[in-house]
Amino acid sequence: MSALGALGTLGRGRPPGKKKKDNLAAYLFLSPWLLGLFLITIGPMIASLYLAFTDYNLIQAPQWIGLENFTRMLSDERLHNSLRVTFTYVFVSVPLQLAVALLLAVVLDRGVRGMAFYRSVFYLPSLLGSSVAIAILWKQVFGTEGLLNQVLGTFGIAGKGWISDPSTALGTLVVLNVWTFGAPMVIFLAGLRQIPAMYYEAASVDGAGVLRRFFSITMPLLTPIIFFNLVLQIIHAFQSFTQAFVVSGGTGGPSDSTMFYTLYLYDRGFGNFDMGYASAMAWFLLVIIGVFTAANFVASKYWVFYDD
Amino acid sequence: MTTETMSRPLTSGGSLSVGWRRIRPVLIHLLLAASALVMLYPVIWMVVSSLRPGDEIFREPGLLVRDLEISNYRVGWNALTEPFTRYLLNSAAVVFGAILGNLVSCSMAAYAFARLEFTGKKFWFSIMLVTIMLPIHVVIVPQYILFSQAGWINTFLPLVVPKLLATDAFFVFLMVQFIRGIPRELDEAARIDGCGKAGIFLRVILPLMVPALATTTIFTFIWTWNDFFSQLIYLTDPKMYTVPVALRSFVDATASTSWGSLFAMSVVSLVPVFLAFLLGQRFLIKGIATTGIK
């Protein structure tokens with residue numbers, strides 16, 4: 001049912017041997033989408049590829065400068081830092097988020113009473129998480145006089161300014177991303193439904209314990225769903241923007257410790273109108289995400305298990 | 001977390017004692033309830049704090065309100081150059097346009113992909129899937145240049161027109177998946193009764209895909225309401241600010257000194273999302289389980 005598997009199923013279900021084409025009608029129905037594809041997506045992509053090789057500030061005409069933007073990227077310390085920050089964020093928050101999502105999905109799948117209620121409660125933060133309001137809340141909760149320190153204070157523990165300290169600021173955003181585990185959890189739950197209960201019954205007749213059943217049945221059968229969530233959440237995490245922007249007041253601070261790649265791109269393009277450089281950065285981001293997604297697909301051959 | 005929570009309910013076997021069997025569901029519930037509380041506590045605390053005098057917010061980690069203070073809402077409402085009503089209306093206009101656009105254009109494309117045979121179908125379908133994963137940053141700079149040359153900065157057009165052109169491809173995908181579940185016999189019957197392609201789409205498919213349209217509506221509502229990046233870029237005139245952009249300029253304006261009114265307006269901004277969530281839970285859960293959209 002996933003987007004990744006959908007391509008193979010296209011055209012299934014139509015009786016064989018009956019292939020009358022309705023090109024005119026089809027393209028009429030597709031026309032808004034096609035128009036959008038060329039005007040809003042592919043056209044701008046080509047333009048952005050061209051701009052990546054120019055110096056352009058929106059006022060003067062773009063100046064062709066060849067690979068200069070890219071060589072500038074090689075020696076741009078802030079860009080290197082933003083890559084470090086973004087990679088750290090992706091590599092820490094995505095596995096954590098998926099682990100929590102899987103754990104709670106497995107617990108809920110046991111058919112606890114009130115499952116629908118818990119599922120909704122855990123899912124709600126996924127909808128709120130990208131909003132400015134929650135970023136504002138985060139700014140307060142992890143601030144010097146914030147909720148977290150108040151709670152710690154009642155236990156006699158001295159807190160600190162979690163957001164103003166460069167060593168913990170990124171951690172608060174990781175917590176925010178983990179907090180939105182509800183969306184992958186719902187996908188895990190749907191996947192768990194597909195595992196036949198008789199597998200578990202057979203295993204427990206053979207004397208398999210809880211952990212054994214989890215690692216020998218649940219995990220292998222769930223690997224396609226884990227893979228799907230992994231690909232999706234990595235792509236998603238690479239593009240995080242709002243939270244870091246609001247929490248740091250648009251600066252990526254303190255000391256660039258929350259300067260996500262997208263934040264730096266915004267700063268170059270829309271803060272400094274350095275549109276050529278921003279375009280080069282955007283294409284580099286596309287390459288990074290593409291490489292990660294491709295690497296995921298290649299690696300999946302060794303650990304993703306397809307039942308059929 | 002105990003490892004016991006990881007098993008399925010089993011009808012047979014197991015070496016568990018009767019006592020443990022009775023206690024286990026209780027423990028699981030306690031654990032789940034505790035996690036749920038930890039998850040939601042900050043949000044509930046924000047709602048409560050928005051009803052407190054400002055200095056109390058810095059002292060009170062609990063949820064009890066001693067002096068109910070609704071002035072935060074009055075102050076927050078009028079803290080910026082325009083009253084908050086203006087931002088709510090602006091957001092509502094953008095959301096309405098986006099929903100309308102997505103419903104019309106995505107359902108049309110989905111019908112073609114799910115039901116019609118045409119040259120290049122596989123090619124266009126895979127292009128559509130790829131665009132789902134395309135980062136907005138790759139197109140935002142030229143899009144900005146395009147829309148600014150069209151004179152669309154500080155209008156809602158850059159936020160609505162792309163939706164009219166089905167650029168939210170996840171919804172096309174979601175609808176394709178849904179239409180595939182509708183029996184083709186219904187199309188055939190309508191065709192025999194004299195319906196053309198448009199007739200089948202309007203009279204058979206659309207009425208039957210109401211759940212998918214509802215899912216699209218709710219997701220579009222919440223995403224557009226929460227969207228910050230593109231609204232930040234295209235709306236620079238305070239008169240045109242939407243709720244998220246207004247909220248963030250509020251943060252800058254107050255230098256985070258008046259948490260009370262800041263929280264009050266944050267709560268106001270979350271109410272529509274929360275209502276959409278309550279009304280549309282069923283569709284949201286189904287939508288996410290089948291396509292993985294957030």
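All chains are named by letter (A, B, ...) in the order of the sequence lines, taking the proteins before the strands, and each is independently numbered beginning at 1. None of these values were measured; they are calculated from a predicted model.
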*Asks:* Top residue by heavy-atom pair count (under 4.5 Å) with chain B, among A/L35, A/I46, A/L124?
*Replies:*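 Most heavy-atom pairs within the cutoff with chain B belong to A/L124.
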*Asks:* Of all the heavy-atom pairs spanning A/V121 and B/A36, show the shortest one and how long it is.
*Replies:*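 Looking at all heavy atoms of both residues, the closest pair is CG1-CB, 3.7 Å.
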*Asks:* Using a 4.5 Å cut-off on heavy atoms from C-beta on, say whether the side chain of B/W124 contacts that of A/L34.
*Replies:*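 Yes, at least one pair of side-chain atoms sits under 4.5 Å.
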*Asks:* Looking at every non-hydrogen atom in both residues, tell me the closest pair between B/L116 and A/A25 and how far apart they are.
*Replies:*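 Distance-wise, the nearest heavy atoms are CD1-C, 4.1 Å.
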*Asks:* What residue, out of A/I134, A/I225, A/N23, has the most heavy-atom pairs lying under 4.5 Å from chain B?
*Replies:*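 Answer, by heavy-atom pair count under 4.5 Å with chain B: A/N23.
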*Asks:* When you compare the side chain of B/L32 with that of A/L108, does any pair of heavy atoms fall below 4.5 Å?
*Replies:*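 Of all side-chain heavy-atom pairs linking B/L32 with A/L108, at least one is under 4.5 Å.
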*Asks:* Under the side chain to side chain contact (heavy atoms under 4.5 Å, CB included) rule, what do B/F113 and A/L30 come out as? Steps first, then yes or no, please.
*Replies:* CA-CA 8 Å; B/F113 280 128; A/L30 279 180; 3.7 Å; yes
*Asks:* Against chain A, label B/A276 side chain, backbone, both or neither, depending on which of its atoms sit under 4.5 Å from a heavy atom there.
*Replies:*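 No part of it gets close to chain A.
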*Asks:* Side chain, backbone, both or neither: which part of A/F38 has a heavy atom under 4.5 Å from chain B?
*Replies:*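 It is the side chain, since no backbone atom gets that close.
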*Asks:* For A/I136, is it the side chain, the backbone, both or neither that has a heavy atom under 4.5 Å from a heavy atom of chain B?
*Replies:*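 Both backbone and side chain.
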*Asks:* For A/Y123 and B/L284, what are the C-alpha separation, side-chain angles and deciding distance, and is it a side chain to side chain contact (heavy atoms under 4.5 Å, CB included)?
*Replies:* CA-CA 10 Å; A/Y123 177 59; B/L284 287 169; 4.0 Å; yes
*Asks:* Heavy-atom cut-off 4.5 Å, strictly under: side chain, backbone, both or neither for B/P42 against chain A?
*Replies:*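 Interface part for B/P42: both.
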*Asks:* So, taking the atom named CG in B/L31 and the one named CG in A/L104, what distance separates them when rounded to the nearest 0.5 Å?
*Replies:*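 Taking CG in B/L31 and CG in A/L104, the distance rounds to 8.5 Å.
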*Asks:* Quick one: side chain to side chain contact (heavy atoms under 4.5 Å, CB included) partners of B/A264, sequence neighbours excluded?
*Replies:*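 With neighbours one apart ignored, the set is B/S50, B/N72, B/Y73.
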*Asks:* To the closest 0.5 Å, what do you measure between CD (A/Q140) and OG (B/S266)?
*Replies:*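 Reported value, rounded in 0.5 Å steps: 10.5 Å.
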*Asks:* Got a donor-acceptor contact below 3.5 angstrom from the B/N226 side chain to the A/S130 backbone?
*Replies:*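 No, the answer is negative, given that no donor and acceptor are paired below the 3.5 Å cut-off.
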*Asks:* Taking salt bridge (Lys or Arg N to Asp or Glu O under 4.0 Å) as the test, write out the residues that go with A/D206, two or more places apart.
*Replies:*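 For A/D206, no residue satisfies salt bridge (Lys or Arg N to Asp or Glu O under 4.0 Å) once neighbours in sequence are set aside.
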*Asks:* Answer with side chain, backbone, both or neither: which region of B/I222 has an atom nearer than 4.5 Å to a non-hydrogen atom of chain A?
*Replies:*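 The answer is the side chain of B/I222.
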*Asks:* Indicate yes or no: at least one non-hydrogen side-chain atom of A/L286 is less than 4.5 angstrom from one of B/L134.
*Replies:*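 Yes, their side chains come closer than 4.5 Å.
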*Asks:* For chain A, find which of B/V104, B/T131, B/V139, B/L165 contributes the most heavy-atom pairs closer than 4.5 angstrom.
*Replies:*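 Most pairs with chain A among the choices: B/L165.
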*Asks:* Would you say B/S35 and A/Y118 make side-chain contact, with heavy atoms under 4.5 Å?
*Replies:*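 The answer is no; the side chains never approach within 4.5 Å.
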*Asks:* Is atom CE of A/M219 surrounded by more than 12 heavy atoms (other residues, nucleotides or ligands) closer than 6.0 Å?
*Replies:*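 Count not over threshold, so no.
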*Asks:* Rounded to the nearest 0.5 Å, how far does CD1 of B/I140 lie from CG of A/L265?
*Replies:*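 Spacing of CG (A/L265) from CD1 (B/I140) equals 10.0 Å.
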*Asks:* So which of B/K197, B/Q281, B/Q143, B/H29 has the biggest tally of heavy-atom pairs under 4.5 Å with chain A?
*Replies:*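 It is B/H29.
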*Asks:* For the pair A/Q150 (side chain) and B/G62 (backbone), establish whether a donor and an acceptor sit closer than 3.5 Å, ignoring hydrogens and angles.
*Replies:*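 Here the side-chain-to-backbone pair does not exist.
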*Asks:* Is A/F273 atom CZ crowded by more than 12 heavy atoms from other residues, nucleotides or ligands, each under 6.0 Å away?
*Replies:*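 Yes, because the 6.0 Å sphere around CZ of A/F273 holds more than 12 heavy atoms from other groups.
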*Asks:* Name the option with the most non-hydrogen atom pairs under 4.5 Å to chain B; the candidates are A/A190, A/S48, A/G250.
*Replies:*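 Among A/A190, A/S48, A/G250, the one with the most close pairs to chain B is A/S48.
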*Asks:* I'd like to verify something: which residue of B/V161, B/V43, B/V172, B/L164 has the highest number of heavy-atom pairs under 4.5 Å with chain A?
*Replies:*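 Heavy-atom pairs under 4.5 Å are most numerous for B/V43.
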*Asks:* Report yes if some heavy atom in the side chain of B/M108 is under 4.5 Å from a heavy atom in the side chain of A/W33; otherwise report no.
*Replies:*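 Result no, sub-4.5 Å side-chain heavy-atom pair not found.
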*Asks:* If I measure from the heavy atoms of chain B, does A/I289 come under 4.5 Å with its side chain, its backbone, both, or neither?
*Replies:*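 It is the side chain, since no backbone atom gets that close.
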*Asks:* Is B/H137 close to A/F238 at the side-chain level, that is, under 4.5 Å between some pair of heavy atoms?
*Replies:*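 A/F238 does not reach B/H137 side chain to side chain.
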*Asks:* Which atoms of A/I217 are under 4.5 Å from chain B, going by heavy atoms: the side chain, the backbone, both sets, or neither?
*Replies:*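 No part of it gets close to chain B.
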*Asks:* Which atoms of A/I235 are under 4.5 Å from chain B, going by heavy atoms: the side chain, the backbone, both sets, or neither?
*Replies:*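 The side chain, not the backbone.
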*Asks:* In terms of heavy-atom proximity below 4.5 Å to chain B, should A/F215 be classed as side chain, backbone, both, or neither?
*Replies:*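 It is neither, since no heavy atom gets under 4.5 Å.
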*Asks:* Answer with side chain, backbone, both or neither: which region of A/R119 has an atom nearer than 4.5 Å to a non-hydrogen atom of chain B?
*Replies:*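 Only the side chain of A/R119 comes within 4.5 Å of chain B.
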*Asks:* Check each atom of B/V243 against the heavy atoms of chain A and say whether the ones under 4.5 Å are side chain, backbone, both or neither.
*Replies:*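 It is neither, since no heavy atom gets under 4.5 Å.
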*Asks:* If you round to the nearest 0.5 Å, how far is CD of A/E145 from CZ of B/F58?
*Replies:*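 These two atoms lie 5.5 Å from each other.
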*Asks:* Within the side chain of A/T242, is there an N or O that forms a donor-acceptor pair under 3.5 Å with the backbone of B/F228?
*Replies:*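 Not confirmed, A/T242 side chain does not pair with B/F228 backbone.
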*Asks:* Less than 4.5 Å to any heavy atom of chain A: does that hold for the side chain of B/T119, its backbone, both, or neither?
*Replies:*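 Both parts, backbone and side chain.
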*Asks:* Counting C-beta onward and ignoring hydrogens, is there a side-chain heavy-atom pair between B/W225 and A/L127 closer than 4.5 Å?
*Replies:*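 No, side chains not in contact.
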*Asks:* Under 4.5 Å, counting heavy-atom pairs only, tell me which of B/A109, B/P135, B/S105 racks up the most with chain A.
*Replies:*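 Highest number of heavy-atom pairs under 4.5 Å: B/P135.
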*Asks:* Identify which of B/M265, B/R248, B/M46 forms the greatest number of heavy-atom pairs closer than 4.5 Å to chain A.
*Replies:*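 Sorted descending by pairs with chain A, the first entry is B/R248.
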*Asks:* Which pair of heavy atoms, one from B/Y144 and one from A/M275, lies closest together, and at what distance?
*Replies:*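 Taking every non-hydrogen atom into account, CD2-CE, 4.0 Å.
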*Asks:* If you measure from CG on B/L146 to CD1 on A/I40, what distance do you get to the nearest 0.5 Å?
*Replies:*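 Rounded to the nearest 0.5 Å, the CG-CD1 separation comes to 6.5 Å.
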*Asks:* Answer with side chain, backbone, both or neither: which region of A/Y27 has an atom nearer than 4.5 Å to a non-hydrogen atom of chain B?
*Replies:*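 The answer is the side chain of A/Y27.
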*Asks:* With a 4.5 Å cut-off on heavy-atom pairs, point out which of B/P61, B/A112, B/A166 contacts chain A the most.
*Replies:*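 Heavy-atom pairs under 4.5 Å are most numerous for B/P61.
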*Asks:* Passes side chain to side chain contact (heavy atoms under 4.5 Å, CB included), A/F270 versus B/L232? Steps please.
*Replies:* CA-CA 10 Å; A/F270 299 93; B/L232 172 75; over 6 Å; no
*Asks:* Within a strict 4.5 Å, meaning less than it, do heavy atoms of the A/V132 and B/S269 side chains meet?
*Replies:*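 A/V132 vs B/S269: side chains apart.
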*Asks:* Does any backbone or side-chain atom of A/Y266 lie under 4.5 Å from a heavy atom of chain B? Answer side chain, backbone, both or neither.
*Replies:*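 Contact with chain B involves the side chain of A/Y266 alone.
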*Asks:* On a heavy-atom basis, which atom in A/A26 and which in B/F118 lie closest, and how many Å separate them?
*Replies:*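 A/A26 and B/F118 have their closest heavy atoms at CB-CD2, 3.3 Å.
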*Asks:* Quick one: pull up CD1 in A/I42 and CD1 in B/I127 and give me the separation to the nearest 0.5 Å.
*Replies:*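 Reported value, rounded in 0.5 Å steps: 5.5 Å.
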*Asks:* Is it the backbone or the side chain of B/L270 that comes under 4.5 Å from a heavy atom of chain A, or both, or neither?
*Replies:*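 The answer is the side chain of B/L270.
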*Asks:* Would you confirm whether the ring centroid of B/F229 sits within less than 6.0 angstrom of the ring centroid of A/F245?
*Replies:*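 That pair fails the under 6.0 Å test.
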